[in-house]
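Okay, structure first, notes after.
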Amino acid sequence: MPELPEVETVRMGLEPVLAGRVLSKVLLRRADLRFPFAPKFAERLTGARILALTRRAKYLVAELSTGDTLVMHLGMTGRFHVQVRGEAAPHLIGDYEYATPGGDKHAHVVFDMEDGTRVIYSDPRRFGYMLLIAPDEIAMHPALHGLGVEPLSDALDAAYLARHAAGRKTDLKAFLMDQRTIAGLGNIYVLEALHAAGLKPSRGASTLATRSGKPTPAAERLVAAIKDVLKAAVLAGGSTLRDYRQADGSTGSFQNTFRVYGRAGEPCLTPGCRGIVRRSVQGGRSSFFCPVCQH
DNA sequence: ACTGGATCCTGCCTGC
DNA sequence: TGCAGGCAGGATCCAG
């Protein structure tokens with residue numbers, strides 16, 4: 001599920017539960033997610049206080065009092081559930097619940113906080129992962145090192161886009177999906193932003209720059225569209241596809257606002273446009289765009 | 001150096 | 001109803 005708006009929504013939901021609190025027990029119900037857990041993963045977390053819960057790109061980042069940093073990626077299907085003490089379902093009470101926390105066979109990691117709150121990480125496809133990074137590794141760790149700019153920061157502007165797009169042979173969609181350029185966009189928000197900017201996904205990325213490397217009008221429109229789409233999605237609590245839920249069980253609503261994603265065959269929603277949204281496949285995954293108003 | 005394709009894993013939906 | 005096939009929001013690895 002999660003692109004930047006969803007991860008930010010999860011972060012906001014978990015922050016009051018985790019930030020400032022101490023981990024009293026960490027249970028791993030298997031040895032790996034996408035990658036094996038670091039040696040002594042649970043031991044190194046136990047007793048640590050979470051100083052802050054931040055987000056970088058699609059990563060949740062927990063700074064710990066021990067100096068270690070817990071970096072979590074939700075992959076495609078990762079999610080967190082929060083159980084507040086006293087509110088757990090009756091069949092979950094006691095250590096027995098660790099067999100299948102919340103009755104969820106994909107509950108892979110259980111964090112118990114000192115105040116009795118329990119946070120469960122569940123991930124059916126196990127494309128997610130958790131890294132525990134020591135202080136001397138954090139600066140150059142491959143997960144974080146080399147990430148591109150945060151799209152909602154001032155570092156993303158038309159000049160930045162033009163500089164990175166100049167001379168590239170790839171198309172706009174692949175260019176925007178590349179986390180080394182802009183960190184946090186995924187399939188949905190790339191397609192929504194391209195539609196809002198009136199640019200088709202198969203257009204060459206190099207068209208964002210003039211021959212002298214200056215931003216074109218397309219680059220200006222694209223930057224504005226990316227920021228607008230992401231801001232609106234964060235405000236809506238992200239998108240809820242399938243049965244994805246936020247930490248508190250509520251659902252985001254931005255999916256109701258999709259203008260092209262998943263709308264093949266339906267009318268384009270650009271005012272005055274009579275186009276029909278088309279689906280294509282780029283790089284093995286779906287694209288959606290309007291052949292009339294995107295060029 | 002870049003680029004496109006295959007790939008990890010499970011669940012769900014569609015169509016026969 | 002059962003089952004095969006296709007598809008899914010990510011990101012890395014590999015070959016060309």
Side-chain angles (χ1 to χ4, degrees), chain A residues 1-10 29-36 55-60 71-80 100 103-108 121-131 141-148 151 164-195 201-206 226 229-230 233-234 236-246 251-265 279-288:
Chain A
M1 49 69 46
E3 304 181 34
L4 186 152
E6 291 74 37
V7 177
E8 182 60 23
T9 299
V10 170
R29 301 186 63 249
R30 52 178 299 132
D32 62 75
L33 293 172
R34 183 185 179 106
F35 307 117
R55 179 192 57 75
R56 172 73 172 107
K58 298 172 192 170
Y59 293 101
L60 289 168
V71 174
M72 298 174 281
H73 196 293
L74 303 177
M76 303 253 275
T77 53
R79 58 195 69 179
F80 285 96
T100 50
D104 176 1
K105 65 175 175 173
H106 299 298
H108 306 309
Y121 178 74
S122 173
D123 186 354
R125 274 175 87 178
R126 301 203 306 276
F127 279 18
Y129 49 94
M130 295 190 186
L131 308 170
H141 195 282
L144 301 176
H145 183 70
L147 282 178
H164 285 261
R168 293 287 298 274
K169 291 203 178 134
T170 193
D171 56 40
L172 274 180
K173 181 178 179 189
F175 174 71
L176 294 176
M177 296 272 291
D178 188 342
Q179 303 297 300
R180 293 168 299 184
T181 310
I182 303 175
L185 297 177
N187 204 35
I188 289 179
Y189 294 105
V190 162
L191 294 172
E192 291 296 317
L194 285 170
H195 179 260
S202 60
R203 175 178 170 132
S206 63
I226 290 169
V229 166
L230 291 179
V234 170
S239 304
T240 301
L241 268 62
R242 303 173 182 219
D243 62 345
Y244 179 78
R245 296 290 172 123
Q246 292 166 22
T251 57
S253 65
F254 193 74
Q255 68 281 3
N256 302 323
T257 314
F258 290 163
R259 300 180 78 79
V260 282
Y261 186 83
R263 297 191 60 248
R279 176 181 180 271
S280 68
V281 175
Q282 286 178 280
R285 47 191 352 126
S286 292
S287 282
F288 299 91

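Note on naming: letters A, B, ... go to the chains in the order of the sequence lines (proteins, then strands), and numbering restarts at 1 for each one.
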Rounded to whole Å, CG of A:Leu74 lies from C1' of C:dG9 at a distance of 11 Å
Note to self: So, does A:His106 get its side chain near the phosphate of B:dG11, meaning an N or O under 4.0 Å from OP1 or OP2?
What the structure shows: yes
Aromatic centroids of A:Tyr121 and A:His108 separated by under 6.0 Å: no
**Asked** OP1 or OP2 of B:dT10 less than 4.0 angstrom from a side-chain nitrogen or oxygen of A:Arg126, does that happen here?
**Response** yes
With B for base contact, S for sugar-phosphate-only contact and - for none (protein heavy atoms under 4.0 Å), nucleotides 11-16 of chain C reads BS----
note: A:Leu191, atom CG; C:dA8, atom P; distance rounded to Å ~ 11 Å
To the nearest 0.5 Å, atom OH of A:Tyr189 lies from atom CG of A:Leu194 at 14.5 Å
Geometric class of the A:Phe288/A:Tyr261 ring pair [parallel <30°, tilted 30-60°, perpendicular >60°]: perpendicular
When every non-hydrogen atom of A:Arg168 is compared with those of A:His164, the smallest separation belongs to CG-O, 3.3 Å
Residue set satisfying salt bridge (Lys or Arg N to Asp or Glu O under 4.0 Å) with A:Arg56, at least two apart, ordered chain then number -> A:Glu150
Interatomic distance, CZ@A:Arg79 vs NE2@A:His106, rounded to 0.5 Å, equals 9.5 Å
Output for pair (A:Met130 CE, A:Asp32 CG), nearest 0.5 Å, gives 12.5 Å
Atom P, compared across C:dC14 and B:dC9: separation rounded to whole Å: 16 Å
Taking the P atom in each of B:dG5 and C:dC7, what is the distance between them to the nearest angstrom? 15 Å
For B:dG4, take OP1 and OP2 only and decide whether either is under 4.0 Å from a side-chain N or O of A:Lys173. no
Under 4.0 Å between a side-chain nitrogen and a carboxylate oxygen: does that hold for A:Asp178 and A:Arg180?
yes
Here the distance between atom C1' of C:dG9 and atom CG of A:Leu4, to the nearest Å, is 13 Å
For DNA chain B, consecutive-pair runs of 3 or more (Watson-Crick or G-U wobble, both H-bond-type distances under 3.5 Å) give B:2-8 with C:10-16, B:10-16 with C:2-8
Atom OH of A:Tyr189 and atom C1' of C:dA8 are separated, to the nearest Å, by 15 Å
When all nucleic acid strands are considered with a 4.0 Å heavy-atom cut-off, which category describes A:Arg180: base, sugar-phosphate, or nothing? nothing
Margin query: If you compare every side-chain N and O of A:Thr170 against the phosphate oxygens of B:dG4 (OP1, OP2), does one of them come in below 4.0 Å?
Written below: yes
Correct closest heavy-atom pair for A:Ala183 and A:Gly148 would be CB-O, 3.6 Å
In whole angstroms, the gap separating C1' of C:dG9 from CZ of A:Arg263 amounts to 18 Å
| query | Can you list the steps and then say if A:Leu144 with A:Tyr59 is a side chain to side chain contact (heavy atoms under 4.5 Å, CB included)? | reply | CA-CA 9 Å; A:Leu144 301 176; A:Tyr59 293 101; 3.9 Å; yes
Separation of C:dC7 atom C1' from A:Gln282 atom CD, nearest Å, is 17 Å
Side-chain atoms of A:Lys105 come closest, of B:dG11, B:dT3, C:dC7, to B:dG11
A:Arg168 atom CZ is separated from B:dA1 atom P, nearest whole Å, by 14 Å
Ignoring backbone atoms, test whether A:Arg125 places a side-chain nitrogen or oxygen under 4.0 Å from the OP1 or OP2 oxygen of B:dC12. no
Rounded to whole Å, CG of A:Asn187 lies from P of C:dC7 at a distance of 14 Å
>> Rounding to an integer number of angstrom, what distance separates C:dG9 and B:dT3 when you compare their C1' atoms?
In response: 23 Å
